Amino acid sequence: MNNILLLGPPGSGKGTLSLFIEQQFGYKHLSTGDLLRDEISKGTPLGKTIADTLKQGDLVEDITMVNLLTEKLAKNTMPLLLDGFPRTLGQAKLVEEKYPNFFSKVLYLNVPEADLITRITKRLICPKCNAVYNQITNPPQKHNICDQCHSTLMQRNDDTLEVFSNRLATYKKQTHPLLGYYADCAITINAQGDITKIQEEIKKVLS
Ligand code: AMP
């Protein structure tokens, strides 16, 4: 199946690059983090159950995630760009059982750990359209206002130093091993530094 997975630690640029890939290559971007934050802001029963888990930087249970994704996949006909799912070997195996060879490419965004902290603590997101900004490297044109939909930007409540440490540790333990699981279709992208250079590298890989 012609779907792509963006794999990388928190702050590696998955959200920003997803927007680029979606616009350039016509994939439909699906971010499980965005879906879960949406459930929380709408106050749905699922949102109420998972709010603390996200705030602390822990992972939502595999079965909840797979059910959420299955619902979305059933309605979808386009090639997908998955951002943030699967995040554990358990999730990956459940997807593989249901949809063999689900991913044609897995792009691993390789960024030095020191860069991740700056990216995370300076990050702003749009709660309405999910656009991602950085106060230093990619600020909005108007202070705190989304360029795309003009909503007021906010900081994620899990983008603090303390929660970031937990998210990074969780990533290393539970998510990074997926690189081995998808070894036959994984491509490493040097996602450090200038955004245009990173986009060019991705263009080469996807063209
Ligand atoms: P993200 O926006 O991808 O950084 O995800 C934000 C948070 O949502 C994570 O720290 C987890 O708490 C939760 N989350 C997102 N995707 C998953 C997943 N596939 N499995 C478990 N938890 C997830």
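Note that the coordinates shown come from a computational prediction; the quantities given were computed from them, not determined experimentally. Any value given below was found using the heavy atoms of this structure, including those in side chains, with hydrogens, waters and symmetry copies removed. In listed order, ligands and their atoms are each counted from 1.
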- Message: How long is the straight-line distance from CG of Leu68 back to CD1 of Ile63, given to the nearest 0.5 Å?
- Response: 11.5 Å
- Among non-hydrogen protein atoms, atom 16 (N) of ligand 1 lies closest to Thr32 OG1, 2.8 Å
- Query: When you measure from atom 20 (N) of ligand 1 to every protein heavy atom, which one gives the shortest distance, and what is it?
  - Reply: Gln91 NE2, 2.9 Å
- Message: Consider salt bridge (Lys or Arg N to Asp or Glu O under 4.0 Å). Of Lys122, Arg167, Arg37, Arg119, which one does Asp159 pass it with?
- Response: Arg167
- Message: Only heavy atoms of Phe85, strictly under 4.0 Å: list the atoms of ligand 1 that pass.
- Response: 19 (N)
- Message: Is it the case that the side chains of Asp58 and Thr53 hold a donor-acceptor pair, with the cut-off being a distance below 3.5 Å and no angle test?
- Response: no
- Message: When you compare the side chain of Leu81 with that of Lys28, does any pair of heavy atoms fall below 4.5 Å?
- Response: no
- Task: Would you mind running through ligand 1 and noting each atom that sits below 4.0 Å from a heavy atom of Arg37?
- Result: 2 (O), 6 (C)
- Just jot down the ligand 1 atoms closer than 4.0 angstrom to any heavy atom of Arg167, in number order. 4 (O)
- Item | Asp58, Ile120, Thr170, Val163: member with heavy atom nearest to atom 12 (O) of ligand 1 | Asp58
- Message: Could you tell me if Glu39 and Thr44 have a donor-acceptor pair between their side chains, going purely by distance under 3.5 Å?
- Response: yes
- Leu36, portion touching ligand 1 at heavy-atom distance under 4.0 Å: side chain
- Message: So, taking the atom named CG in Leu80 and the one named CG in Asn3, what distance separates them when rounded to the nearest 0.5 Å?
- Response: 4.5 Å
- Please state which part of Glu61 comes within less than 4.0 Å of ligand 1, counting heavy atoms only: side chain, backbone, both or neither. neither
- Item | N or O contact, Asp158 vs ligand 1, cut-off under 3.5 Å | no
- Answer yes if Leu5 and Val95 sit in the same cluster of Ile, Leu, Val, Met, Phe, Trp and Tyr residues linked by side chain heavy atoms under 4.5 Å apart, and no otherwise. yes
- Considering only the protein, which heavy-atom contact is closest to atom 4 (O) of ligand 1, and what is its distance? Arg156 NH2, 3.0 Å
- Query: Around Asn101, counting heavy atoms of other residues, nucleotides and ligands shown, do more than 12 lie under 6.0 Å from its CG?
  - Reply: no
- Which option, Lys14, Met65, Lys55, Arg87, owns the non-hydrogen atom nearest atom 1 (P) of ligand 1? Arg87
- Identify, for atom 22 (N) of ligand 1, the protein heavy atom at the shortest distance, and state residue, atom and that distance. Val60 N, 3.1 Å
- Protein heavy atom at shortest distance from atom 19 (N) of ligand 1: Gly84 O, 2.8 Å
- Query: Take atom NZ in Lys128; do more than 12 heavy atoms of anything else shown fall under 6.0 Å from it?
  - Reply: no
